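Worksheet for the structure shown next.
Fair warning: this is a prediction, and the values are worked out from it, not measured in the lab.
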Amino acid sequence: MSTPELGLPMAVAALDLPARVRIYEVGARDGLQNEKATVPTEVKAEFVRRLADSGLTTIEATSFVHPKWVPQLADAEQLFPLVSDLGRSSGVHLPVLVPNERGLDRALALGARHVALFASATESFAKANLNRTVDESLAMFEPVVFRAKADKVHVRSYISMCFGDPWEGPVPIHQVVRVCKALMDMGCDELSLGDTIGVATPGHVQNLLAELNEEGVPTSVLGVHFHDTYGQALANTLAALQHGVTTVDASAGGLGGCPYAKSATGNLATEDLVWMLQGLGIDSGVDLARLTATSVWMAERLGRPSPSRTVKALSHKE
């Protein structure tokens, strides 16, 4: 018998935490983009549908980056039409990653209403990921945001390397704040603070959030995106929740990494996040049993077990 059937985890609310958290599911895009073996388009579409069936309402579907940079997601034009009805029938948001105006054109042509950019807080990662300086990349994003907002499309921006960089080491908080403010000034609706190589710790998280607030970036527009390289993702998430953050990025089964930062291991597993939220009495709208079954299903197709501890515990058979 699985632990949820026994009424576990027992919900014990902590003080001053949000009543509800929106999980921004990245497994179908960030989770799969670094897979070496090509995942069939039909499997990706079924993965998105199963994620939606588990109660997730924001599922990043794919990326309109040039196929030569992320071959795994070269089928974006074929995939998006296979899942776009979820937005109409179930109210599921299906954001897609766009790197530039060409990517935006491709996304809009298929009816995407939520797009995401990927910025960098450091020069080294901007060069590796975008082949531009930080300021050059911000200049590239400006017309993308302008056109998207003119078309009433929701715009999120990821900011990578907010807590540490594999080439530069520690990243000064003021450096991250500068990039965040520039993106907000452009008109981005939402920012996701990325711990791309998983080096953040809770005090660092809370200090960055506080500094952003002091500089005029409200907590309400902030999400957090933690990698679990050093086992800190849940601790860092709790620190963000204590500050009032209500959007948390996670990847079903803990899939994912970053092709441009080799020290970036898997994302925070959605199941591990949901287990913690349930124990804190925080609503996420997610059916943990269905989500676990989905991650087990995808792990079978990838030919390896899920790294999520919660998936392992709940799918264990005596």
Side-chain angles (χ1 to χ4, degrees), residues 2-26 54-58 93 156 158-159 162-164 173-174 176-177 180-181 184 189-195 198-252 254 266-292 308-311 313-314:
S2 68
T3 41
E5 290 170 338
L6 292 172
L8 297 172
M10 187 172 81
V12 181
L15 294 175
D16 300 323
L17 291 179
R20 183 176 176 86
V21 162
R22 176 180 68 127
I23 297 175
Y24 191 103
E25 173 60 47
V26 301
S54 75
L56 290 158
T57 57
T58 303
H93 293 158
R156 158 184 262 230
Y158 291 99
I159 302 94
C162 288
F163 300 93
I173 286 177
H174 69 82
V176 181
V177 171
C180 289
K181 288 186 66 179
M184 285 296 297
D189 299 289
E190 179 180 357
L191 304 177
S192 175
L193 306 173
D195 182 21
V199 295
T201 51
H204 192 171
V205 171
Q206 292 194 321
N207 281 357
L208 174 56
L209 291 168
E211 186 67 24
L212 283 164
N213 291 166
E214 287 179 16
E215 293 299 321
V217 180
T219 303
S220 59
V221 305
L222 297 172
V224 288
H225 185 115
F226 294 119
H227 286 225
D228 205 31
T229 315
Y230 297 93
Q232 302 295 297
L234 279 176
N236 291 331
T237 299
L238 181 56
L241 297 178
Q242 288 169 336
H243 190 86
V245 171
T246 58
T247 296
V248 180
D249 298 3
S251 176
N267 292 293
L268 168 62
T270 311
E271 293 83 359
D272 296 356
L273 172 61
V274 172
W275 181 273
M276 183 181 79
L277 294 176
Q278 288 187 356
L280 289 167
I282 298 173
D283 180 27
S284 68
V286 175
D287 183 314
L288 183 56
R290 287 187 178 185
L291 181 61
T292 299
S308 163
R309 293 185 181 184
T310 300
V311 171
L314 296 184

### Message
Tell me if a side-chain donor or acceptor on Thr270 pairs with a main-chain N or O of Ala252 at a distance below 3.5 Å.
### Response
yes

### Task
Under the side-chain contact (heavy atoms from CB on, under 4.5 Å) rule, what do Glu211 and Asn207 come out as? Steps first, then yes or no, please.
CA-CA 6 Å; Glu211 186 67 24; Asn207 281 357; over 6 Å; no

#### Entry: Close side-chain approach of Val205 to Thr237, heavy-atom, < 4.5 Å
no

### Query
Side-chain contact, heavy-atom cut-off 4.5 Å: Asp195 with Val199?
yes

### Query
How long is the gap from CG on Leu56 to CD on Glu25, to the nearest 0.5 Å?
5.5 Å

### Query
Under the criterion ring pair (Phe, Tyr, Trp, His ring centres under 6.0 Å), which of His227, His204, His225 is the partner of Phe163?
His204

### Task
Hey, could you give me the OG1/CG distance between Thr292 and Leu314, rounded to the nearest 0.5 Å?
4.5 Å

### Qualifying residue, where the test is side chain to side chain contact (heavy atoms under 4.5 Å, CB included) with Pro18 and the options are Thr246, Asp283, Thr247, Val248
Thr246

### Task
Determine, stepwise, if the pair Asn267 / Phe226 fulfils side-chain contact (heavy atoms from CB on, under 4.5 Å).
CA-CA 6 Å; Asn267 292 293; Phe226 294 119; over 6 Å; no

### Task
Could you tell me whether a side-chain N or O of Ser308 sits under 3.5 Å from a main-chain N or O of Thr310, the two making a donor and an acceptor?
yes

### Query
What distance do Leu191 atom CG and Cys180 atom SG have between them, rounded to the nearest 0.5 Å?
5.0 Å

### Query
What are the two closest heavy atoms between Leu280 and Ala14, and how far apart are they?
CD2-CB, 4.0 Å

### Nearest atoms (heavy-atom pairs only) where Leu234 meets Asp272
CD2-O, 3.9 Å

### Message
For the CG atom of Leu15 and the CD atom of Gln242, what is their distance to the nearest 0.5 Å?
### Response
10.5 Å

#### Entry: Full working for side-chain contact (heavy atoms from CB on, under 4.5 Å) between Leu268 and Ser251
CA-CA 6 Å; Leu268 168 62; Ser251 176; over 6 Å; no

### Polar side-chain atom of Asn213 near backbone of Val217 as donor-acceptor pair, under 3.5 Å
yes

### Task
May I have the step-by-step check of side-chain contact (heavy atoms from CB on, under 4.5 Å) for Asp189 and Arg156, ending in yes or no?
CA-CA 6 Å; Asp189 299 289; Arg156 158 184 262 230; over 6 Å; no

### Message
Taking Ala239's backbone N and O only, do any of them form a donor-acceptor pair with Gln206's side chain (distance below 3.5 Å, no angle check)?
### Response
yes

### Task
Indicate yes or no: at least one non-hydrogen side-chain atom of Val224 is less than 4.5 angstrom from one of Asp249.
no

### Nearest non-hydrogen partners of Ser284 and Leu277, listed with the distance
CB-CD1, 4.0 Å

## Note on the structure
CE of Met10 to CD of Gln278, rounded to nearest 0.5 Å, is 14.0 Å

### Query
Has Arg22 got its NZ or CZ under 6.0 Å from the middle of the six-membered ring of Tyr24, at an angle within 45 degrees of the ring axis?
no

### Query
Once you round to the nearest 0.5 Å, how far does CD1 of Ile282 lie from CE of Met276?
6.5 Å

#### Entry: Close side-chain approach of Thr58 to Ile23, heavy-atom, < 4.5 Å
no

### Task
Over all heavy atoms of both residues, which pair between Asn236 and Ala200 is shortest? Give the atoms and the distance, please.
ND2-O, 3.0 Å

### Query
Can you name the closest pair of heavy atoms from Leu193 and Leu212 and give their distance?
CD1-CD1, 3.8 Å

### Summary
Correct closest heavy-atom pair for Leu209 and Ala240 would be CD1-CA, 3.9 Å

### Task
Please answer whether the main-chain N or O of Ala233 pairs with a side-chain N or O of Asp228 as donor and acceptor at a distance below 3.5 Å.
yes

